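In what follows, a structure is listed as structure tokens, so that the remarks can point back to it.
Fair warning: this is a prediction, and the values are worked out from it, not measured in the lab. Each chain gets a letter, A, B and so on, in the order the sequences are listed, and its residues count up from 1.
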Protein chains: 2
Amino acid sequence: MAKALREPKDTSAQAIARLREAGLRPTRQRVELAGVLFQSGDRHVTAESLHDEVAQTGVKVSLATVYNTLHQFTEAGLLRQVIVDASRSYFDTNTGDHQHFFVEKEGLLIDIPGESIAVAGVPAPPAGLSVDRVDVVVRVRRN
Amino acid sequence: MAKALREPKDTSAQAIARLREAGLRPTRQRVELAGVLFQSGDRHVTAESLHDEVAQTGVKVSLATVYNTLHQFTEAGLLRQVIVDASRSYFDTNTGDHQHFFVEKEGLLIDIPGESIAVAGVPAPPAGLSVDRVDVVVRVRRN
DNA sequence: TCAACGAATTAGAACAATTCTAAACTGTGA
DNA sequence: TCACAGTTTAGAATTGTTCTAATTCGTTGA
């Protein structure tokens, strides 16, 4: 029961711990962004959407800082960048092995667990190249 | 033997036929772009790269027209847009079933034949959504 | 507790890719 | 050949993102 009702302080403490582990100084802005990003389950955000969301909590964080932070979190392995749209970048709090459905019209990403999906028959890359990772995007639309 | 040496006029004629079939008026610019795009085998271009390439043949086509044309060709099914990079769009003259290697550092795309690769275990999309297509990007890097 | 210093944040400018606008031009059918 | 809808174009505008230089903040050592 106690576990279900987390106090804000709890969330901050978790965020701070997470940042410290990642070697990032826990500034007010980073703690706030980490709180928003990681307190609920897996999330997909864009710089803009995260900026708006944080703004609504009353905390003031500049867009430049949102961009900086998203990149730092990504480098630190806390986020993963997802490329599905030519016009904007998405960031995913789920850094594990998984893929995505993408509803283009709505800019909506939905996770596909890594266990359920498999890519077979990827040829060896041309000489001198080695595989970094395999991304699958299942493009879907509303019917 | 005759087949190996195509005259420019031949290329144009092919391009014009292709445009007519697609329901596009064969203007000087479209014929030129179609010529560059379709006379050699499968190609991957960006708006910028195609614009540069055409410029070097001496024909003057504005960048706006290159963008317009790439989109029209895509709508007409002559090209396919490939989304692999957050900062620019690629267009592929191979519209058949296939996937890609992508060398991020160099912006280089390499086709993977559709027959060789298979994606298994894609779950049914959430209610109300249907699958449009499945894109696989094998991100590789120079070792 | 505080000073000091390097790290982080910020507003706004700058940038790159792409799209828009409205004016000039060009295929095409009659 | 004419007329008109469709096309092209230069340049402005837009959008997402990155950069810059000045300010502010977090941490460490005294």
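Look at CG on B:Leu19: it is 15 Å from C1' on C:dT28, rounded to the nearest Å. A:Glu75 places its CD atom 15 Å from the C1' atom of C:dA8, with the value rounded to the nearest Å. One atom, CG of A:Asn68, and another, C1' of C:dG12, lie 14 Å apart when rounded to the nearest Å. The interatomic distance linking B:Phe73 (CZ) with D:dT8 (C1') rounds to 14 Å, in whole Å. One interatomic measurement links the two molecules: CG of B:Leu70 to C1' of D:dT8, which rounds to 15 Å at whole-angstrom precision.
The side-chain hydrogen bond (donor to acceptor under 3.5 Å, both in side chains) test with B:His44 singles out one residue from B:Asp111, B:Asn94, B:Thr93, and that residue is B:Asp111.
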Practice task
Under the side chain to side chain donor-acceptor pair (under 3.5 Å) rule, what do A:His98 and A:Asp42 come out as? Steps first, then yes or no, please.
Solution key: CA-CA 12 Å; A:His98 71 289; A:Asp42 296 339; over 6 Å; no
Practice task
Start with the C-alpha distance between A:Val54 and A:Val66, add both sets of side-chain angles, then the distance that settles side chain to side chain contact (heavy atoms under 4.5 Å, CB included), and finish with yes or no.
Solution key: CA-CA 10 Å; A:Val54 168; A:Val66 172; over 6 Å; no
Practice task
Kindly determine whether B:Val137 and A:Ile83 satisfy side chain to side chain contact (heavy atoms under 4.5 Å, CB included), including the steps that lead there.
Solution key: CA-CA 10 Å; B:Val137 178; A:Ile83 296 171; over 6 Å; no
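Under 3.5 Å, the side chains of B:Thr69 and B:Gln29 contain no donor-acceptor pair of N or O atoms.
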I'd like a list of close polar pairs between nucleotides 10-17 of chain D and the protein, N/O only, cut-off under 3.5 Å.
unit_1	atom_1	unit_2	atom_2	d
D:dA10	OP1	B:Lys60	NZ	3.4
D:dG16	OP1	A:Arg88	NH1	3.4
D:dG16	O3'	A:Ser87	O	3.4
D:dT17	OP1	A:Ser89	N	2.9
D:dT17	OP2	A:Tyr67	OH	2.5
D:dT17	O5'	A:Tyr67	OH	3.1

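A distance of 13.0 Å separates CD1 of A:Ile112 from CZ of A:Phe102, quoted to the nearest 0.5 Å. Here the CG atom belonging to A:Leu33 is positioned 10.0 Å from the CD atom belonging to A:Gln72, to the nearest 0.5 angstrom.
Annotation: proximity of residues 22-37 of chain A to DNA chain C (heavy atom, distance under 4.0 Å) is found for A:Arg25, A:Thr27, A:Gln29, A:Arg30, numbered in ascending order.
Two residues are said to be in side-chain contact when any heavy atoms from C-beta on lie closer than 4.5 Å; B:Leu37 and B:Phe73 meet this criterion.
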